[in-house]
Number of protein chains: 2
Amino acid sequence: MIENLFDPKLVSQLLVSIGDVSDVTGIPQRKLRYWEDKSIISSSSTKDGGTRKFDYVNIKKIILIKELLNEGYTLDASVRKVEERIKKLKESFSALQEKQI
Amino acid sequence: MIENLFDPKLVSQLLVSIGDVSDVTGIPQRKLRYWEDKSIISSSSTKDGGTRKFDYVNIKKIILIKELLNEGYTLDASVRKVEERIKKLKESFSALQEKQI
DNA sequence: TAAAAAATGTAGTTAATTTACAATTAAGGT
DNA sequence: ACCTTAATTGTAAATTAACTACATTTTTTA
């Protein structure tokens, strides 16, 4: 049932602009660019001057980092803690996509 | 397990520009605007001149319509056939969001 | 073949984002 | 207190992406 709902292949293809990511996460655009500069998150901005687009995993990552920041962790510490979860998230993600449900 | 993967609340908040929807679905931007004019799909373009943003359900709808068009259905017929599936999709969607998983 | 449906072309305009500078504020160590 | 590094913020000018509002073309159907 849920398989019909969320097509993981489709979800993973959804790209969201920085303005909309900012709206959804509550993190200012300026900060998102800063985090990308520091390689904390990544977007599909193709060096040669396009616009940044964020995928589901990166948006989820931003939200998780924000939560840890709110708890009082430093940025680096937050990122370290989030990395492991994101790693698993990515794995399950590609596993699901393989399955071709 | 899957609950951790796809946060339905988050997925439903992802908004995608017309250019990216076009890339993902293979439907030209011009046609997407035409379909919206005909109320086949909808976007969050706030009349007062912003840019169109499509959500997951509408993107899924576009893909389903495209498939039926390829099978030879007329646009109207395709839409009619898709509506029922989309209705269920939306229901499950909000049900999941309520659950707050 | 006439009418309606479906799709397309494009010019001029507006919205959203980019980069690349610099400046500011906060936190941690001695 | 002072210094250093981390973290964040401000913004102008340029660029990219999308918009509307026309009109036109192609396809389908009665």
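Chain letters run A, B, ... following the sequence lines, proteins first, then strands; residues in each count from 1.
Checked against D:dG10, D:dC19, D:dT29, the side chain of B:Thr74 finds its nearest nucleotide in D:dT29. Counting only heavy atoms from C-beta on, A:Ile18 has its side chain closest to C:dT18 among C:dA15, C:dA6, C:dT18. With C:dT17, D:dA23, C:dA7 as the candidates, the nucleotide lying closest to the side chain of A:Ser17 is C:dT17.
Taking atom CG on B:Leu75 and atom P on D:dT28, their separation rounds to 13 Å, with Å as the unit. Across the protein-nucleic acid pair, A:Gln29 atom CD and C:dA15 atom P stand 16 Å apart, rounded to whole Å. Atom CD1 in B:Ile40 sits roughly 12 Å away from atom P in C:dA5 (whole-Å rounding). Note: NZ (A:Lys53) to C1' (C:dT18) measures 13 Å, nearest angstrom. Computed from coordinates, the B:Arg30 CZ to D:dT26 C1' distance equals 14 Å when rounded to whole Å. A:Trp35 places its CH2 atom 14 Å from the C1' atom of D:dT9, with the value rounded to the nearest Å. Summarising the geometry, the separation between NZ on B:Lys31 and P on C:dA6 is reported as 11 Å, rounded to the nearest angstrom. Rounded to an integer number of Å, the gap from OH of A:Tyr34 to P of C:dA26 is 14 Å.
Between its opening and closing five pairs, the helix from C:dT1-D:dA30 to C:dT30-D:dA1 changes axis direction by 40°, a value rounded to 10 degrees.
Counting any heavy atom pair closer than 4.0 Å across all strands shown, A:Arg52 reaches sugar-phosphate atoms only and no base atom.
Between B:Phe6 and A:Phe6, the angle of the ring planes stays under 30°, which puts this pair in the parallel group of the 30/60° scheme.
Under the 4.5 Å side-chain heavy-atom criterion for Ile, Leu, Val, Met, Phe, Trp and Tyr, B:Ile62 and B:Val82 are members of the same hydrophobic cluster.
Here the closest non-hydrogen pair linking A:Leu32 and A:Ser22 is CD1-N, 4.0 Å. Nearest approach of B:Gln29 to B:Gly19, heavy atoms of both residues: NE2-CA, 3.4 Å.
Between the A:Lys61 side chain and the A:Ser42 main chain, no donor and acceptor come within less than 3.5 Å of each other.
Annotation: salt bridge (Lys or Arg N to Asp or Glu O under 4.0 Å) contacts involving residues 14-32 of chain A, sequence neighbours excluded, comprise A:Asp20-B:Lys53.
Applying the 4.0 Å criterion to OP1 and OP2 of C:dT18, one finds that A:Arg33 has a side-chain N or O inside that range.
Using a 4.5 Å heavy-atom threshold, the side chains of A:Val24 and A:Phe54 count as separate.
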